[in-house]
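These notes concern the structure reproduced below.
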Amino acid sequence: MVILDGKKISNQIKDEIALEVSEMKQRGEKVPHLAAVLVGNDGASLTYVGSKVRSCKRIGFESTLKHLPEETTEEELLQLVSDLNEDPEIDGYIVQLPLPKHIDEQKVLMAVHPDKDVDGFHPTNFGKMALDMETFISATPYGIMELLRRYEVETEGKHAVIIGRSHIVGRPISILMSQKGKAANATVTLCHSRTKNIAELTLQADIVVSALGVPHFLKADMVKPGAVIIDVGITRVEDETKEKGYYITGDVDFDKVKEKASYITPVPGGVGPMTIAMLLKNTLLARERHRAKA
Ligand code: GUN
């Protein structure tokens, strides 16, 4: 069994980007600038956005955090999005999800200029991705693909079972893995809350991607020996014995499933850090595109 070490690979990717940034600096070019918008004080979102901003610093990107109060109106947020679209200093930005309930998430994501949409959430970018065109690919599915590529995991002709149909992970990864190319060419089954007998399907899977957010959902008796297991779940489970009052766990019953798997991602340290690395890669691409246009 091989652990797909997202922490290690994400550090390699960050080192590669840092090298490109230092070359940009030597040529006297502007370095990439990522902005992150966070509305409210959701604990997990604060952690993610903090990691994104810290990673920018580590690799030499400029970063800006726009932290707005929970009561921010949709109109105010749309104004900030419009300002970021117009700001020539900002190469790309993200609006951290989830947004407070009183804000229409779709309306906000639609307002992000596709050229600055380093999350790849705008319909223009999602559509391009689905049509095999070059674009910003959402960081989590992009990170999974990159992890599979760098470990040279064979996916061609394999049966990949995806659990979860979210716009951010399940839907895009189902499209990417069925496309032509490396870490792709798989036969994909997409499972969701209305799927009957998920275990029957996962037992047939050569690759399982679980993006459900239910701790320990995927048990060893649901997995075929030798399967590749990608765990996208990141759930905080309350635990008073821990310093923070919680621990982080994935969708997979890791200790038991790892005994059957050929490759498996840990949580934390698997898909999570890859997401950040790929967001940075998208921001580098955004900068290069802006420079080419200037
Ligand atoms: N919330 C959970 N994952 C993501 C992500 O990849 N991007 C943004 N903007 N919000 C998220």
Side-chain angles (χ1 to χ4, degrees), residues 6 10 13 34-56 61 63-68 70 72 77-78 80-81 84-85 90-101 103-114 116-126 129 135-147 162 164-176 209-214 230-236 248-251 265 267-268 270-283 285-286:
S10 69
I13 294 168
L34 174 71
V37 180
L38 174 61
V39 185
N41 292 304
D42 175 70
S45 291
L46 279 164
T47 307
Y48 298 149
V49 171
S51 288
K52 289 170 187 177
V53 170
R54 266 196 311 281
S55 295
C56 282
F61 281 11
S63 64
T64 298
L65 171 59
K66 303 274 188 191
H67 191 177
L68 307 178
E70 179 81 21
T72 303
L77 181 56
L78 287 169
L80 174 59
V81 164
L84 289 167
N85 286 342
I90 304 292
D91 295 297
Y93 67 98
I94 62 157
V95 180
Q96 186 67 27
L97 304 179
L99 288 169
K101 297 246 177 314
I103 298 177
D104 181 345
E105 213 160 82
Q106 207 171 52
K107 203 163 162 186
V108 173
L109 296 180
M110 288 281 284
V112 175
H113 194 290
K116 293 192 173 187
D117 170 38
V118 285
D119 254 333
F121 291 168
H122 191 281
T124 296
N125 288 323
F126 196 99
M129 178 277 294
T135 188
F136 300 119
I137 296 171
S138 301
T140 303
Y142 192 11
I144 296 168
M145 298 299 284
E146 193 62 23
L147 200 54
I162 319 289
R165 58 180 158 186
S166 71
H167 294 173
I168 296 183
V169 188
R171 187 84 52 87
I173 195 72
S174 72
I175 296 169
L176 291 167
V209 180
S210 188
L212 202 59
V214 178
I230 308 292
D231 190 350
V232 193
I234 303 180
T235 306
R236 289 181 174 198
I248 300 285
T249 190
D251 288 354
T265 61
V267 177
V271 174
M274 290 300 293
T275 297
I276 295 180
M278 303 326 274
L279 174 68
L280 300 172
K281 216 166 159 62
N282 278 342
T283 308
L285 177 65

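All ligand and atom numbering here is 1-based and tracks the order in the structure. Side chains included, hydrogens not; waters and symmetry mates left out as well; all remaining heavy atoms used.
Within 6.0 Å of the NE2 atom in His67, the count of heavy atoms belonging to other residues, nucleotides or ligands exceeds 12.
Between the side chain of Thr140 and the backbone N or O of Thr275, no donor-acceptor pair lies under 3.5 Å. For the pair Asp119 (side chain) and Ala139 (backbone), a donor-acceptor distance under 3.5 Å is absent.
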- Message: Quick one, Met278 with Ile13, criterion side-chain contact (heavy atoms from CB on, under 4.5 Å). Give me CA distance, side-chain angles, the key distance, then yes/no.
- Response: CA-CA 8 Å; Met278 303 326 274; Ile13 294 168; 4.0 Å; yes

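For the residue pair Thr135 / Asn125, a side-chain donor-acceptor distance below 3.5 Å is found, with atom types taken as modelled.
Near ligand 1, Lys52, Val95, Gln96, Leu97, Asp119, Phe121 each place a heavy atom less than 4.0 angstrom from the ligand.
Residues passing the side-chain contact (heavy atoms from CB on, under 4.5 Å) test with Ile90 are His33, Ala35, Thr64, Leu84, Asp87, Tyr93, Lys116, sequence neighbours excluded.
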